[in-house]
Protein chains: 2
Amino acid sequence: MTLKGRRETVLKIIVQDYIIGAVPVASRAIVDKHGLEVSPATIRNDIACLEEEGYITHPHHSAGSVPTDRAYRYYVELIGENIELPSGEQYLIYHLLQETREEIEQWLKLAAAWLARVVCNVAVITSPGTTRSRFKHLDLVALQDFVALLVLVLYGAKVKQQVVAFDRRITQDELTQLANKLTSIYAGMASSEILANKVELSPEEKQVSHCLVKMIAAEDKLEYGKPYLDGLHLMLSQPEFANNPKALNILEMLEEGSWLGNISCRGLNKGEIKIIIGEENPEPPLQDLSLIISPYGIPDKASGIVGVLGPKRMDYAKAISSLNYLSLLLSNSVAEYI
Amino acid sequence: MTLKGRRETVLKIIVQDYIIGAVPVASRAIVDKHGLEVSPATIRNDIACLEEEGYITHPHHSAGSVPTDRAYRYYVELIGENIELPSGEQYLIYHLLQETREEIEQWLKLAAAWLARVVCNVAVITSPGTTRSRFKHLDLVALQDFVALLVLVLYGAKVKQQVVAFDRRITQDELTQLANKLTSIYAGMASSEILANKVELSPEEKQVSHCLVKMIAAEDKLEYGKPYLDGLHLMLSQPEFANNPKALNILEMLEEGSWLGNISCRGLNKGEIKIIIGEENPEPPLQDLSLIISPYGIPDKASGIVGVLGPKRMDYAKAISSLNYLSLLLSNSVAEYI
DNA sequence: ACTTAGCACTCTCCCCCTTCGATTGCTAAC
DNA sequence: GTTAGCAATCGAAGGGGGAGAGTGCTAAGT
C-alpha cells in the first residue's frame, strides 16, 4: 500500500498545495513550484496512476488534482504524529496557561481560544471528567427555610450544584452536620456504590443521598460533558464554506452539544492522536470535515479530550503538533490538582 | 409623528408581509391579500408619502416596498408590549421548567433552547447575577497535601471554584474549620466590605480571604457574565444570511462573549422590554439586526437579561410575547430560591 | 381633494451564447 | 520511462435579449 519515489512526492505535493491554496493543483504547478526535474507530462502519468489507486480526483475533466480522503490518510501517516510545535509558540501558550493555573475552567477556555487561533479552525476541549465520577465532598447551604443548595464536589475538581427542597424546616447547623456525615460515608464512591450502601439514614439524609446518586449518574452519562468550543467563525471563514448551506448543518450539530459522545476514544493512550478524515466520521454532517483528537489527563481518573475540527483540507502538521503540545500541558496541569 | 387611517394600515401591512416573506412588498399584493377596497394606484400614492417620510425604501427603482428601521420602530410602538403568548405555548414552557426547577443552569439552558425555537432566532439569557455579588458560603476541599479546592457560594445560588495552594500541609479538618470561620465572618458581604473588614486572621485565612475578594470582584466585573446562547443556526438560516459574509462578523462577535456588556439595561423595570432596531445598536455587527431584551429576577439582588437577537425582519409580536412570559417565569423561579 | 385606469419606463432575473484560458488525456516519438 | 505536441474538455466570465414584475406619472373621473 505504500507508494514509492516520485509518486509519493507528487501525492505529498498535491496534498500540501491543496491544503494551502484550496484550489485544484495543476501538473505544471507541481513541477514549477517544487523544482522537479521532469516535465508536466510525466507528472500527469503519475497522477493517472494515483487516480486509478483512488488517491486523486478531479472536480471536472480538465481541472487539476484534488486529494481524496485516502490521500489525506496517506499523507497523515506519512508525516507521522511526532511533530514538534515551534518553541516560540510553545512558550506562548505555556505562559498563558501558567498565569491562570488556579482555575480549571479558565485554562480550558484559554486553551481552546489559543488552539482555535493557531489552527484557524474549531477547537474542542472537554473538561477532565473522571470516566466514572466519584464522590469527593458535599456541602449544603441554606437558601430558605425549606430549601437548600446542594454543592457536590467530584474527583477531578468538578463542582455540581442543585437546589433541594425539604419537607420540614431545617437549619444551617443541621445541614452542615448532614453534609459532613454523608461526606465521610460516601468518600470516594461512584454512584452505584452509594446506591448499594446500606447505612441507616434519616429521611433528609435519604433525600440528599438520592439527589447525589442522580447527579453523579447524570455526570457519568454525558461521558464528556459539553465541550468548550472556540473558533467557529475561523472555520466557517474557510473557502469551502463560502456560499455553502452545509455550514448550517455543522453549526446545528455543534450547538446541540452531544455529537462528541459518538466518537470513541477507546484504545487511545495519553500522547496518542486519533485522526478521523471525511467519511471515516460516523456523523453525516462531519463527513466533509476532519477531526483530530487526543486524550489528556490521567486515564480512568480525570481525563478529557482536546481536538481540532476543520475542513479535510486542514493543516494537519500544525494541528497535530499543537495538539501534542497542548495535551501534554493540560495533562501536567491536571496531574497537579487531582 | 403618528400616521392616520389607511397610511398606517398600509405601513403595517408592508412590515408584516415583509417579516413573513422577506421579499419587497408590491402594491398589488397589499390590496389583494388584505381585501382593501382601493386600487393599487391609491396604495402607491400612500407609499410615495411614506417614502418621503422615511418609512419605506425600495431596493431599486421598480421593486416593491421594504420597511426602514423607522418603519420597524413605528410598528413595534403600534403593537405595544402587552402581547400575550398563546396559552398552549405558555403551558409547554411552564411545565418544561417545572421539571428541572432544581437546577438554575438547567433552567437557563432549557429556556434558551425553547426561546430560540419559538422565535427561530438567537436566544440570549444571562445568569441572574446580583448586581453586587455578596458572599454567602465558603467551602474548602483538600485536593493534595498543600492544595485545596475553594468552593464559593454567592447570593443568587451562584457557585464559583478555584484551586488554592498553601505554604504548609493542611488537613481537611483544618480546612473545614477555616471555611466555617470565614463563612460566619463574611456572611452577606460584598467584596469591598470583606476587604475593609479588620478581623485578625491567620496567614492561611488571609490567603483564602484574599482569594475570595478577587473572585467576588471578578464576578462583579463581568456584569452579566457570558450569556447562554442558543439558536445560532436558526438565525443564520434566515434568507438575509444566505451567501452573506456579514454572518461571519456576527458569529465572531457572539463567540467573543462580552458584546452584551455594551448594551445598557438601565432604567428598565421588571416586565418591561427594550427593543433595539438596526442602527440603534451601538455595535456595528449588530446594526443589521434587532435585539429585544427584558430583565428578569429581583432588581439589585439577582437579576439577569433574557433576549432575542435576529434580523430586523423578525416576528416582533412573537418575540415580545415570548419574552414577556419567559421573563415572568424566570423571575418567579429566581424569587423562590434567593 | 381623493381615487382610478392606463401606459411607459425601469430594473432584475434567467437563459443562452460565446469567448477565453487553463488543463488534461492521448499519441507518437525519443 | 520520459517527453513534446496537440486536440478535447470544462468552468468562469461576459454580453445580449426577452420576460416579468412593479413602479411613477399623467390625465380623467368622482
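None of these values were measured; they are calculated from a predicted model. Quick note on labels: first sequence line is chain A, next is B, and so on, each numbered from 1.
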K.L.:
What is the distance, rounded to the nearest whole Å, between atom CG of B:Asp46 and atom P of D:dG22?
P.N.:
18 Å
K.L.:
To the nearest 0.5 Å, tell me how far B:Leu248 CG sits from A:His233 NE2.
P.N.:
8.5 Å
K.L.:
Of all of residues 13-33 of chain B, which get a heavy atom below 4.0 angstrom from DNA chain C, listed by number?
P.N.:
none
K.L.:
Assess whether a salt bridge exists between A:Glu280 and A:Arg73, defined as any Lys/Arg side-chain N lying under 4.0 Å from an Asp/Glu carboxylate O.
P.N.:
yes
K.L.:
Whole angstrom is fine here: how far is it from NE2 in A:His61 over to C1' in D:dT9?
P.N.:
5 Å
K.L.:
Please report, rounded to the nearest Å, how far the C1' atom of D:dG22 is from the NE2 atom of B:His58.
P.N.:
10 Å
K.L.:
Run through B:Leu289, B:Asp69, B:Thr68, B:Ile19 and flag the one making a side-chain contact (heavy atoms from CB on, under 4.5 Å) with B:Lys312.
P.N.:
B:Asp69
K.L.:
From CD of B:Glu37 over to P of C:dT3, roughly how many Å is that when rounded to an integer?
P.N.:
13 Å
K.L.:
Just compare D:dG24, C:dG25, D:dT2 and give me whichever is closest to any side-chain atom of A:Asn45.
P.N.:
D:dT2
K.L.:
How many Å lie between CD1 on B:Ile43 and P on D:dG22, as a whole number?
P.N.:
15 Å
K.L.:
Dump the intermediate steps for side chain to side chain donor-acceptor pair (under 3.5 Å) on A:Glu8 and A:Tyr74, then the final yes or no.
P.N.:
CA-CA 9 Å; A:Glu8 186 173 88; A:Tyr74 191 92; 2.5 Å; yes
K.L.:
Give a yes/no answer on whether the side chain of A:Ser39 brings an N or O atom under 4.0 Å of OP1 or OP2 in D:dT3.
P.N.:
yes
K.L.:
Tell me the interatomic distance from A:His60, atom NE2, to C:dG21, atom P, rounded to whole angstroms.
P.N.:
17 Å
K.L.:
Tell me: CZ of B:Arg44 to P of D:dC25, nearest whole Å?
P.N.:
11 Å
K.L.:
If you find the nucleotide of DNA chain C closest to B:Val38 and the one closest to B:Pro59, which residue's nucleotide is nearer the 5' end?
P.N.:
B:Val38
K.L.:
What class does the angle between the rings of B:Tyr72 and B:Tyr316 fall in, given that below 30° is parallel, 30 to 60° is tilted and above 60° is perpendicular?
P.N.:
tilted
K.L.:
Closer than 4.0 angstrom, basic N to acidic O: yes or no for A:Arg117 and A:Asp230?
P.N.:
yes
K.L.:
Determine whether a donor-acceptor pair (one donor, one acceptor, N or O, separation below 3.5 Å) exists between the side chain of A:Ser62 and the base of D:dT9.
P.N.:
yes
K.L.:
Can you check whether any acceptor in the base of D:dT2 is under 3.5 Å from a donor in the side chain of A:Thr42, or vice versa?
P.N.:
no
K.L.:
Taking NZ, NE, NH1 and NH2 as the nitrogens, is one of them in B:Lys318 or B:Glu89 under 4.0 Å from a carboxylate oxygen of the other?
P.N.:
yes
